[in-house]
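Report on the structure given below.
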Amino acid sequence: MMMKNAPSRVEIHNEWDIVRARQSGRDYAKELGFGNVDQARIATAISELARNIYLYAKPGVITIEVIDDQGKKGLAITAKDDGPGINDLRQAMEDGYTTSGGLGAGLPGVKRLMDEFDILSEAGKGTKITARKYLR
Amino acid sequence: MIDQEQMYERYKRLLAEYMEGKNEETLYNGQLFSRHMIECGVSPEDVLSVHIEIMREFFPNMDERLESSFDFLLEAMIGYGLAYREHQNLRFKQRQLETEIDIAANVQQSLLVSAVPEIDSLDIGVISKPAKKMSGDYYHFVRDEQNFLSIAIADVIGKGIPAAMCMSMIKYAMDSEPEQRTKPSAVLENLNRVVEQNVDPSMFITMFYGLYNEKEHRLYYASAGHEPGFFYSSQKDRFEELTAKGRVLGLDRSTKYREYEKLIMPGDMIVLLSDGVTECRTKKGFIERGEVVDLIRKRMDRSAQEIVDSVYKELERLQEFQLRDDFTLIILKRRV
């Protein structure tokens, strides 16, 4: 398989797209040399992000790309949408806020699965989440 | 953190040992090891991943479908791992909160404690216990130079932290009352305005306020919807209700309070309480106010402090050591 240098871009309209995004993330992770658990973690993180878009802010885009930060190789996942945005980010990042409602791992879960996490959101304009995981 | 390689090797040894001999001791050691891993914060999916790797090492020619089944299981366990770590974090937060509440409760205790004045003619006993960590009950004693003793007992409807915050406000409002003696009705009218202005409409405060003239041995008092106390007349050897009518604080800013007056003879007693005393719930249901009176009567020959302590102990036992509401009991006894 050829090394994937070009980013992969998956538009999220329906649940099929969530599966495509996961698959793409897993392929990238495998090829970069992530172990089984990390592959599953990355796939789960992508799943959560894509599902958030699908449920609350479709359409949106998941982008997966290989990063090289001064020799530190890894994977960056970006989730971007033009949805309603998140009003209270602190609340959304709080443990137990989404999970208690059975909505899944939520954003704190994504943050835990990955090494770095950043979120920008503006009410009425949309949300952009970037999460990175590095090879150990 | 536990060393990844160390964990791998130890798990592998235990697993191999078990697969050889299937003995209980290995299982026991495995259990101990898992406890160690939990202490080190190892997630379930990490344990599973180690297991899978070792199985691949032991069985290089494992059936491909069996191998896939492990991957499937791993995927399923990621969610459990997340839930596990979230749980750990929430537990940590809970401990932090508890520490914070403990500190707040200490701060509140230091606010609440009002020194009981030493007076020749009166024997005074007080006990105040919160149902939870923080109390919504409040009491205070102030004695001025002209030998007037003011006594306040208040109860914020509700309990726990919101009631305690409300109680602190009452404390400050009381402290900012003018130095000179004020009529009980005027004190309540003033506090009523403060409460009406500053407290959430869903919260109510009841209060009894009394002023005792040590020279004439008269008690002037007024009540804002507070649980009525008792008056014991030694001459009649009888307990009576210390009735006083008035609306609870915070309902209506123009509320007026009626003032009452009572002559206190040697051996007479004034009993003030919060509804945590009368609303004790025992196996037989709520206790009657009459039962509280009986408890006091049985101990009447003791000092005021001994009476309140002993009544509290008795009611605590009757409730199987679980207070359902903040408990405050005050007894003033005119010495013979």
Quick check on [X]: does its [atom1] atom have over 12 non-hydrogen neighbours (other residues, nucleotides or ligands) under 6.0 Å away?
{"X": "B/Phe72", "atom1": "CZ", "result": "no"}
{"X": "B/Arg56", "atom1": "CZ", "result": "yes"}
{"X": "B/Arg95", "atom1": "CZ", "result": "yes"}
{"X": "B/Tyr80", "atom1": "OH", "result": "no"}
{"X": "B/Glu25", "atom1": "CD", "result": "no"}
{"X": "B/Met203", "atom1": "CE", "result": "yes"}

**OP:** Measure A/Arg136 against the heavy atoms of chain B and call it side chain, backbone, both or neither at under 4.5 Å.
**Re:**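 Contact with chain B: none, neither part.
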Subject >> Lys/Arg N to Asp/Glu carboxylate O, B/Glu75 vs A/Arg22, below 4.0 Å >> reply: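 A salt bridge links B/Glu75 with A/Arg22.
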Subject >> Side-chain ion pair, A/Arg112 and B/Glu86, N-O less than 4.0 Å >> reply: no
Is any side-chain heavy atom of [X] closer than 4.5 Å to a side-chain heavy atom of [Y]?
{"X": "A/Leu113", "Y": "B/Ile78", "result": "yes"}
{"X": "A/Glu94", "Y": "B/Lys93", "result": "yes"}
{"X": "B/Glu53", "Y": "A/Asn36", "result": "no"}

Original post:
To the nearest 0.5 Å, what is the distance between CZ (A/Arg41) and OG (B/Ser43)?
Top reply: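 Answer for the CZ-OG pair, A/Arg41 versus B/Ser43, is 6.0 Å.
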